[in-house]
Number of protein chains: 2
Amino acid sequence: MQISSRFTIAIHILTAIDTFQNEYKVTSDFLANSINVNPVVIRRTMQALKSAELIEVKRGTGGMVISKPMNEITLLDIFQAVEPLENGQLFHFHENPNTACPVGRNIHAGLDDKLFSIQNAMEVQMKNITLQDVVKDTQAAIAKEN
Amino acid sequence: MQISSRFTIAIHILTAIDTFQNEYKVTSDFLANSINVNPVVIRRTMQALKSAELIEVKRGTGGMVISKPMNEITLLDIFQAVEPLENGQLFHFHENPNTACPVGRNIHAGLDDKLFSIQNAMEVQMKNITLQDVVKDTQAAIAKEN
DNA sequence: TATGTTGTAATTTCAATAGTTACAGTGAGA
DNA sequence: TCTCACTGTAACTATTGAAATTACAACATA
C-alpha cells in the first residue's frame, strides 16, 4: 500500500509558493490548477501545513507564505504535517494476535524494535533533505528549459 | 497512510512455521487462529510467499516449510513478496501535474530522486534484518515466559 | 474412496482518499 | 460600507484497497 499523495502534493504546494510568490497571488485555485487536484484538497493540505506552522495563510485577501527559511524545513516536517499515521507508526500491525498462542503473545516482543528501526531509517533520510533542496532542483530544471 | 498488515502477518506466519513445525502441522487454520485473521487471508499471503519462493506449501496433506535458511531471508524479501507497490514506488505521486505550469512540468525532476533515496534508506534497513533475527528474539521472549 | 487441506473465485464489509457542492466567514479595496 | 475574491469547513459522493466471508473444486494421503 503506497503512501498517499498528500506528501507530494504538500511539497508541490510549497515549491509553487516559493516559485511564484513574486509573480502571482498563490491561491488554492491557482495551486489546484498546477497540481491538478480539487481546490478543497489543496485547502485541506494548506490547513495541515498551517497547523504545523510551515506556512501562513492570508484569509480574505488570499494567498500564503512559507513561515521559515526553506533550508530549515525538512521533508520529515512536511511528511508529519500531512500524513496521519496511527500512533505515529508506519507499519500497520495486525491488531489482535492470539494471546493463547506463544507466538501470538510474543511476536510484538520480537518484531516491534525491527519495525521501528526501519521507520527510523526512512525518517532520518527524510530529515536529511530540505525543502530548499527540492526547490533548488525544480527551479534549476525550469531554468534549463529556456 | 499506514503500510498494510500483510507485512506483519507474513512475518508472523514465517515465525510460527519455524516455531511450531515439530509440534504441530502448521495449516492456514492453525495460523489464522494465532494471527486472528481469516484463513483465506492467510492462504493468500501463503501464495505470495510461495511465489517469492520463501516457503513451500503442501497441497492435499497440508502444512508448509520455509524454503531456505532463515538468515538468508531478509525483511525486504518478505516485504516485496507481500506488499504490492505500484511500479515499486513507496510514495504515490499525484498523477497529473499540469504541464502548462513550470512547476507542474518540473516537479518530478526536482523530487523523484529524493523520494527514491528515502525509499532506498527504508529498504536498506529492511535488508539488514533477517527472519532469523525476528525468530530468535520472539523465541527468546517465549522461553523467558517459563 | 473419505478426509482434511489448499487454491481461488465471488461477494460483502469497511475504512481512507479524494472529488464535489455549498456556503458562512474574512479582509482588503472600491 | 459594500463588494468581491478567497479561505475554512461541513456534508455528501465516488472510488479504491484491505480484509472478511462463503463456497467449492483440486489435491494428496491414509
Side-chain angles (χ1 to χ4, degrees), chain A residues 1-10 12-13 17 20-21 24-33 35-52 55-65 79 82-87 89-97, chain B residues 1-10 12-13 17 20-21 24-33 35-52 55-65 79 82-87 89-97:
Chain A
M1 185 183 265
Q2 287 183 305
I3 287 167
S4 85
S5 61
R6 298 220 267 251
F7 184 43
T8 60
I9 288 173
H12 190 140
I13 287 174
I17 294 173
F20 296 121
Q21 59 190 343
Y24 304 98
K25 180 161 65 167
V26 179
T27 66
S28 59
D29 271 18
F30 178 93
L31 290 167
N33 179 62
I35 297 173
N36 220 334
V37 296
N38 194 282
V40 174
V41 172
I42 301 294
R43 288 187 217 139
R44 288 197 275 241
T45 306
M46 281 160 54
Q47 292 313 303
L49 293 172
K50 184 180 137 188
S51 295
I55 64 174
E56 280 151 35
V57 183
K58 292 176 191 155
R59 285 207 71 164
T61 169
M64 62 207 89
V65 296
F79 184 77
V82 302
E83 193 64 50
L85 294 182
E86 195 153 348
N87 303 320
Q89 300 196 299
L90 179 63
F91 297 100
H92 180 34
F93 210 115
H94 49 288
E95 314 220 324
N96 298 301
Chain B
M1 188 182 261
Q2 286 183 306
I3 287 166
S4 86
S5 61
R6 298 219 267 251
F7 183 43
T8 60
I9 287 172
H12 190 139
I13 287 174
I17 293 173
F20 296 120
Q21 58 190 342
Y24 304 98
K25 180 162 66 168
V26 179
T27 66
S28 60
D29 270 18
F30 178 93
L31 290 166
N33 180 62
I35 297 173
N36 219 335
V37 295
N38 195 283
V40 175
V41 172
I42 301 294
R43 287 186 218 140
R44 286 197 277 243
T45 306
M46 281 160 55
Q47 291 313 303
L49 293 172
K50 183 181 138 188
S51 294
I55 63 173
E56 280 150 35
V57 183
K58 293 175 192 156
R59 283 205 73 163
T61 168
M64 62 205 87
V65 296
F79 185 76
V82 302
E83 192 65 50
L85 294 182
E86 196 154 348
N87 302 321
Q89 299 196 301
L90 180 62
F91 298 99
H92 180 35
F93 211 115
H94 49 288
E95 314 222 320
N96 298 301

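Just so we're clear, the structure is a prediction, and the values are computed from it rather than from any experiment. Here is how names work: the chains are called A, B, and so on, in the same order as the sequence lines, proteins then strands, and each is numbered from 1.
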Tell me: [atom1] of [X] to [atom2] of [N], nearest whole Å?
X        : N       : atom1 : atom2 : result
Ile42(B) : dG4(C)  : CD1   : P     : 21 Å
Lys50(A) : dT7(D)  : NZ    : P     : 11 Å
Lys25(B) : dG4(C)  : NZ    : P     : 9 Å
Glu86(A) : dA16(C) : CD    : P     : 7 Å
Asn96(A) : dA20(D) : CG    : C1'   : 14 Å
Leu85(B) : dA18(D) : CG    : C1'   : 14 Å
Ile55(B) : dT6(C)  : CD1   : P     : 10 Å
His94(B) : dT17(C) : NE2   : P     : 17 Å

If you check the His92(A) side chain, which of dT7(D), dA19(D), dT6(C) turns out closest? dA19(D)
What does nucleotides 21-30 of chain D look like as a protein-contact string, B for base, S for sugar-phosphate only, - for none, at under 4.0 angstrom between heavy atoms? BBB--BBS--
Taking ring-ring contact (aromatic ring centres under 6.0 Å, His included) as the test, write out the residues that go with Phe20(A), two or more places apart. Tyr24(A), Phe30(A)
Which is more 5' along DNA chain C, the nucleotide nearest Met1(B) or the one nearest Met64(B)? Just name the residue. Met64(B)
Please identify each residue that fulfils side chain to side chain contact (heavy atoms under 4.5 Å, CB included) with Asp29(B), with sequence neighbours left out. Thr27(B), Pro39(B), Arg43(B)
Results of side chain to side chain contact (heavy atoms under 4.5 Å, CB included) for Ser5(A) - residues two or more places apart only: Thr8(A), Ile9(A), His92(B), His94(B)
Would one find a side-chain N or O of [X] under 4.0 angstrom from OP1 or OP2 of [N]?
X        : N       : result
Ser4(A)  : dT17(C) : no
Ser28(A) : dT7(D)  : yes
Gln47(B) : dT6(C)  : no

Do the side chain of Asn36(A) and the main chain of Asn96(B) share a donor and acceptor less than 3.5 angstrom apart? yes
Please list, chain by chain and in numerical order, all residues satisfying side chain to side chain donor-acceptor pair (under 3.5 Å) with Glu83(B), sequence neighbours excluded. Ser4(B)
With Val40(A), which of Asn38(A), Val37(A), Ile42(A) fulfils side-chain contact (heavy atoms from CB on, under 4.5 Å)? Asn38(A)
Parallel, tilted or perpendicular, as decided by the 30° and 60° cut-offs, for the rings of Phe7(B) and Phe79(B): perpendicular
